[in-house]
S.K.: 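Take a look at this one; I'll ask things after.
These values consider heavy atoms only, across backbone and side chains, with no hydrogens, waters or symmetry-generated copies. Counting begins at 1 with the first residue of the sequence.
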Amino acid sequence: MFFYRRKFFKQIAMLMAGGVSSRTVLPRTPPNESNLMMAGRPSSCSYVAFASSRVLSTGSIVGQAVGVAAALCNKHATTPRDVAKHHAQECQQMILRQDGHIPGVVNEDQNDLARRAVVMASSQWRLEFPNAENDRELKLPHAQLFPVSSNRIERVELQLESQLDRAVELRLGLRPAAHVWDFRAAQDIALARATVPAHHRGWLAFNLIAKVEPEKLYYVYTSAQPGISWKVFKDGDGQPNRCPVGTTAANLRGGKTWRAMTGGQSLALRLAPESKPYTATNIISGTNRPDKWTNIWISDPQASLPQWVELRWSSTQHFNTVQLTFDTDQNRRVTLPLFRYPDCVKDYRLEYQARAGWKTLAEVKDNYVRRRIHRFDIVHSESVRLIVLATNGAPSARVYEVRIYRED
């Protein structure tokens, strides 16, 4: 297949150069370009850029979008160009509902009843970085990004270790982040300095005393200081994810560009006042991945399962479809045989409130997939509740999104 593709490109190049050979075979009838869509990797780029896009996920994402656009062409009896011009928002919303991700685009589906509900939960978890055993020597500046739920940051503590025989001063800066992977900010909101004692081991406080916007992302970064290490935690292969959702660690390579430390790593950090970014309202935040916010409900791991999250309306709603999105840790790739992501909900029950009390809509056991859709006869209720009975190994219930519809 690759040979014929290369041969076709060669023939096109010869045609453009005016050197068509007698053996060149070209289509007699030109394609109808107004009705043409392409999926896969339809891009013209350098070898390096092409190699970076040469992954299956790229083809699947573009293929999904093309499929949705084709369905809209059929629905509206129009061309792909017209879909892009007049039905782009409808196309985007369909992709989002199918668990596609479009950065910067959120759920605006007017038919989603969950968007109008008040959400509450049995418990919620706070931002907590795990204590770390491994070291990252500060030969380069390092940074840790995190979500902030309050309007101020008074103090940040780092878990450090010094190999030096003398005390040194370490500088810490605070900057905003537009996205969970975004370290492009150039202006400091606040700066703080602290002295690292000789042979120090443990937590060191930096008094930033900064005003910030709630429900936004920020990161702190250190200056380079050889001989001083910032403790780093790394998730174990196949173990529940302990790196907080909506956080990213990075280091500054070449003095210009921050490079994310992937593979389930986080630098040990404490924040004051305490941040609580995993509230129940996240399940209707409009997206089901951490991007500009955490966008996930996480129950308190110190409170045993079952745990529940409830959606409640001020008036009776009529619905027959509930769509759930769980956590399968899409930032981590595990190749263990028959592996199931521990953070994914395993057993759960979906209920609605009737006059006689709570009634079951669906009960599922042994789940290990991210997205579940439940359809049933139309019910009339003011409340829906998801009860997480068990996970595939994690101590907390984790839910990214709940959508509720009345469908024909």
Side-chain angles (χ1 to χ4, degrees), residues 48 51-52 127-148 153 155-210 217-237 239 241-272 290 331-333:
V48 174
S52 67
L127 178 67
E128 181 176 272
F129 288 86
N131 288 336
E133 298 295 333
N134 299 318
D135 298 321
R136 293 284 300 194
E137 186 176 0
L138 298 180
K139 294 180 180 180
L140 302 171
H142 279 64
Q144 179 63 57
L145 183 149
F146 50 86
V148 178
I153 298 176
R155 184 178 68 257
V156 170
E157 298 179 18
L158 310 185
Q159 189 181 7
L160 303 174
E161 182 172 333
S162 173
Q163 303 295 329
L164 303 176
D165 296 326
R166 56 186 175 84
V168 295
E169 185 179 73
L170 191 64
R171 188 187 67 173
L172 189 78
L174 173 69
R175 292 179 178 177
H179 191 277
V180 72
W181 301 104
D182 192 348
F183 291 86
R184 293 176 298 174
Q187 298 296 322
D188 294 319
I189 296 175
L191 284 170
R193 289 176 170 82
T195 300
V196 185
H199 303 292
H200 171 83
R201 293 189 66 182
W203 295 93
L204 188 69
F206 293 80
N207 297 314
L208 288 168
I209 312 177
L217 302 177
Y218 294 85
Y219 68 92
V220 292
Y221 70 95
T222 67
S223 54
Q225 182 56 66
I228 302 296
S229 296
W230 191 349
K231 290 290 187 177
V232 62
F233 172 83
K234 188 175 186 343
D235 278 319
D237 198 17
Q239 299 300 311
N241 185 5
R242 293 183 60 199
C243 290
V245 176
T247 67
T248 307
N251 53 45
L252 190 60
R253 297 290 181 93
K256 293 183 179 180
T257 304
W258 290 98
R259 179 179 177 181
M261 295 163 51
T262 57
Q265 299 184 80
S266 62
L267 296 163
L269 179 147
R270 290 176 180 170
L271 192 65
N331 286 329
R332 186 166 53 150
R333 187 176 183 181

S.K.: Taking the side chain as everything from C-beta on, heavy atoms only, tell me whether F146 gets closer than 4.5 Å to V220.
M.R.: yes
S.K.: Would you indicate whether the side-chain heavy atoms of L170 and L204 approach each other to under 4.5 Å?
M.R.: no
S.K.: Just how far is it from atom CD of E157 to atom CG of N207, taken to the nearest 0.5 Å?
M.R.: 9.0 Å
S.K.: Minimum heavy-atom separation for Y219 and P176, please, with both atom names.
M.R.: CE2-O, 3.7 Å
S.K.: Say you draw a straight line from CE of M261 to CG of L267; how long is it, rounded to the nearest 0.5 Å?
M.R.: 4.5 Å
S.K.: N134: what forms a side chain to side chain donor-acceptor pair (under 3.5 Å) with it, not counting sequence neighbours?
M.R.: none
S.K.: How many angstroms lie between atom CG of L158 and atom CZ of F129, to the nearest 0.5 angstrom?
M.R.: 10.5 Å
S.K.: Going from CG on L140 to CG on N251, what distance comes out if it is rounded to the nearest 0.5 angstrom?
M.R.: 5.5 Å
S.K.: Flag the pair P244 / P130 as yes when at least one side-chain heavy-atom distance between them is below 4.5 Å, and no otherwise.
M.R.: yes
S.K.: Taking only residues two or more places apart in sequence or in another chain, which ones pass side chain to side chain donor-acceptor pair (under 3.5 Å) with R171?
M.R.: none
S.K.: Side chain of R175, backbone of A185: donor and acceptor closer than 3.5 Å?
M.R.: yes
S.K.: Kindly indicate whether the side chain of P226, heavy atoms from C-beta on, has any atom under 4.5 Å from the side chain of E137.
M.R.: yes
S.K.: Does some side-chain heavy atom of D135 sit less than 4.5 Å from a side-chain heavy atom of V232?
M.R.: no
S.K.: If every non-hydrogen atom of Q265 is compared with every non-hydrogen atom of T262, which pair is closest and at what distance?
M.R.: NE2-O, 2.8 Å
S.K.: Which heavy atom in A190 sits nearest to a heavy atom in A210, and how many Å separate them?
M.R.: CB-CB, 3.8 Å
S.K.: Might you point out which heavy atoms bring A250 and F183 nearest each other, and give the distance in Å?
M.R.: CB-CZ, 3.7 Å
S.K.: Quick one: does I189's side chain get under 4.5 Å of L208's, heavy atoms only?
M.R.: no
S.K.: Is a donor on one side and an acceptor on the other found under 3.5 Å between the side chain of T248 and the backbone of L145?
M.R.: no
S.K.: Can you measure from OG (S266) to NZ (K231) and round to the nearest 0.5 angstrom?
M.R.: 13.5 Å
S.K.: How far apart are the closest heavy atoms of R270 and W203, and which atoms are they?
M.R.: NH2-NE1, 3.0 Å
S.K.: Tell me, do D188 and L174 make a side-chain contact under 4.5 Å, heavy atoms counted?
M.R.: no
S.K.: What's the spacing between Q163 CD and D165 CG if we round to 0.5 Å?
M.R.: 9.5 Å
S.K.: Is Q225 close to V196 at the side-chain level, that is, under 4.5 Å between some pair of heavy atoms?
M.R.: no
S.K.: So if I apply the side chain to side chain contact (heavy atoms under 4.5 Å, CB included) rule between Q144 and each of Y218, Y221, W230, which one comes out positive?
M.R.: W230
S.K.: Could I get the full list of side chain to side chain donor-acceptor pair (under 3.5 Å) partners for D235, not counting sequence neighbours?
M.R.: none
S.K.: Looking only at heavy atoms, which two atoms of L191 and G173 are closest? And how far apart?
M.R.: CD2-CA, 3.6 Å
